[in-house]
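Written below as structure tokens is the structure these notes are about.
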Amino acid sequence: MMNLKLHDIIELKKAHPCGSKRWEVLRVGMDMKIRCQGCGREQMITRSKLEKSVRKIIQEI
């Protein structure tokens, strides 16, 4: 289990359609809410799916 915290900046393996790979964690739980750092779009995703797609944690707060 990955240790993701509120407001961490993460890099995903695949880029968002806007071109950015960086996302900010807005909600932590079984479902995670993340915000794209390129266009600002917010998305809900399950924790298991998010943990599989994270390449690295860029900034921990």
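From a predicted model like this one, the values you see are computed outputs, not experimental measurements.
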Review point. What distance do Gln43 atom CD and Asp31 atom CG have between them, rounded to the nearest 0.5 Å?
Key: 11.5 Å
Study note, to complete from the structure: Heavy atoms of Ser20 and Gly38 approach each other most closely as OG-N, 3.6 Å
Check your understanding: Shortest non-hydrogen contact from Ile57 to Ile10?
Key -> CG1-CG2, 4.1 Å
Check your understanding: Hey, what do you get for NZ (Lys33) to CH2 (Trp23), rounding to the nearest 0.5 Å?
Key -> 12.0 Å
Revision key, fill the gap. The reported gap from CZ in Arg55 to CD in Glu11 (rounded to nearest 0.5 angstrom) is 6.0 Å
Review point. Is it the case that one hydrophobic cluster holds both Val28 and Ile9, taking links as side-chain heavy atoms less than 4.5 Å apart, direct or via other members?
Key: no
Review point. Are Met2 and Ile58 connected in a single hydrophobic cluster, I mean Ile/Leu/Val/Met/Phe/Trp/Tyr linked by side-chain heavy atoms less than 4.5 Å apart?
Key: no
Point to revise | Distance (rounded to the nearest 0.5 Å) between Gln59 CD and Gln37 CD | key: 8.5 Å
**Study point:** Passing candidate, side chain to side chain contact (heavy atoms under 4.5 Å, CB included) with Ile34, options Leu50, Leu26, Asp8, Leu4
**Key:** Leu50
Exercise for review: Please name the pair of heavy atoms, one in Glu24 and one in His7, separated by the smallest distance, quoted to 0.1 Å.
Suggested key: OE2-ND1, 2.8 Å
Check your understanding: Can you name the closest pair of heavy atoms from Cys39 and His16 and give their distance?
Key -> SG-CE1, 3.4 Å
Practice item. Report, as yes or no, whether the 6.0 Å neighbourhood of atom NZ on Lys5 holds more than 12 heavy atoms from other residues, nucleotides or ligands. Key: yes
Practice item. Hey, could you give me the SG/CZ distance between Cys36 and Arg22, rounded to the nearest 0.5 Å? Key: 11.5 Å
Review point. If you look at every heavy atom in Arg27 and Leu6, which pair is closest and at what distance?
Key: N-CD1, 3.9 Å
Practice item. Kindly give the heavy-atom pair with the smallest separation between Met32 and Val25, and that separation in Å. Key: CE-CG1, 4.1 Å
Review point. Can you tell me if Lys52 uses its side chain to pair, donor with acceptor, with the backbone of Arg47 under 3.5 Å?
Key: no
